Q: 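My structure is below; once you've seen it, I'll send some questions.
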Amino acid sequence: MKKYYYLCIQNWNFTVGKRIEIPKSFINNIKSNKMNKTELIAAVAAKADLSKAAAANAVDAVLATIENELKAGNNVQLIGFGTFAVKEIPAHEGLNPAKGIKIQIPAKKTCKFKAGSKLATL
């Protein structure tokens, strides 16, 4: 089932509505303020005057390096931007909501991010 939206053109004191088909991806981008990896690569390429392939390699390298450091148990601190840290969550008792019985949740490590001074004052 296709969704149709009305495009409204405002000119002085009247509004004309025309029924057009708009792609779902376009509507999703309007509804949410999220940037995906492809958009990040395009922004890096434009900002650093690189090709999209070179920017993709750079973004992948940065993300892989952060991931490897976190897996090794190290924190990654980018001054002004923020700190990626490994947080250890101890084993604890939880409740199964479907059955209402207590279960044991094992210990795990997770990543947390704390915004730096420049990022925190947006």
Side-chain angles (χ1 to χ4, degrees):
M1 175 180 214
K2 292 185 178 182
K3 290 188 176 180
Y4 289 91
Y5 297 90
Y6 284 92
L7 175 65
C8 293
I9 303 168
Q10 294 182 353
N11 188 2
W12 297 31
N13 293 329
F14 64 91
T15 301
V16 178
K18 181 180 178 186
R19 186 176 173 185
I20 61 168
E21 183 179 342
I22 299 175
K24 187 176 180 182
S25 60
F26 181 75
I27 297 300
N28 290 340
N29 286 340
I30 291 174
K31 290 181 181 176
S32 67
N33 294 331
K34 297 178 184 175
M35 176 183 269
N36 62 27
K37 189 174 178 182
T38 304
E39 293 167 343
L40 176 63
I41 290 169
V44 169
K47 188 84 171 174
D49 196 26
L50 297 171
S51 68
K52 284 190 178 180
N57 288 339
V59 168
D60 288 339
V62 168
L63 295 177
T65 303
I66 291 172
E67 181 182 353
N68 291 338
E69 288 299 313
L70 291 173
K71 283 182 179 178
N74 301 327
N75 293 345
V76 178
Q77 183 178 12
L78 305 172
I79 303 296
F81 181 74
T83 303
F84 295 92
V86 177
K87 181 179 179 183
E88 293 187 23
I89 299 174
H92 59 281
E93 200 172 79
L95 185 66
N96 182 340
K99 297 182 180 179
I101 59 173
K102 293 183 180 182
I103 57 172
Q104 190 64 25
I105 300 173
K108 67 177 183 177
K109 291 182 181 180
T110 186
C111 176
K112 77 175 193 178
F113 177 77
K114 182 178 179 188
S117 58
K118 290 181 184 176
L119 187 63
T121 58
L122 291 179

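We count residues from 1, following the sequence as given. Since this is a predicted model, take the numbers as computed values, not measurements.
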Q: Check the surroundings of atom CG in Asp49: do more than 12 heavy atoms from other residues, nucleotides or ligands lie under 6.0 Å from it?
A: no
Q: Please answer: with hydrophobic residues joined when any side-chain heavy atoms are less than 4.5 Å apart, are Leu63 and Val76 in the same cluster?
A: no
Q: Does Ala64 offer a backbone N or O that forms a donor-acceptor pair with the side chain of Asn68 under 3.5 Å?
A: yes
Q: Just by modelled atom types, is the Asn36 backbone N or O under 3.5 Å from a matching donor or acceptor in the Glu39 side chain?
A: yes
Q: What do the steps show when you test Leu40 against Val59 for side-chain contact (heavy atoms from CB on, under 4.5 Å), and what is the final call?
A: CA-CA 8 Å; Leu40 176 63; Val59 168; 4.1 Å; yes
Q: Could you pull out the closest heavy-atom pair between Ile41 and Ala55, with the gap in Å?
A: O-CB, 3.6 Å
Q: Could you work out, with ring pair (Phe, Tyr, Trp, His ring centres under 6.0 Å) as the rule, every residue matching Phe113, not counting sequence neighbours?
A: Phe81, Phe84
Q: Just grab all the salt bridge (charged side-chain N to carboxylate O under 4.0 Å, His left out) pairs involving residues 95-105, residues at least two apart or on different chains.
A: Glu93-Lys102
Q: Measure across Thr83 and Asn75 and return the closest heavy-atom pair with its distance rounded to 0.1 Å.
A: CG2-CB, 4.5 Å
Q: Do Asn57 and Lys52 have side chains that approach each other closer than 4.5 Å (heavy atoms only, starting at C-beta)?
A: no
Q: On a heavy-atom basis, which atom in Ile79 and which in Gln77 lie closest, and how many Å separate them?
A: CD1-NE2, 3.7 Å
Q: For Leu70 and Cys111, work out which heavy atoms get closest and say how close.
A: CD1-SG, 3.6 Å
Q: Verify the cluster assignment for Val86 and Ile66: are they in a single hydrophobic cluster under the rule of side-chain heavy atoms below 4.5 Å apart?
A: yes
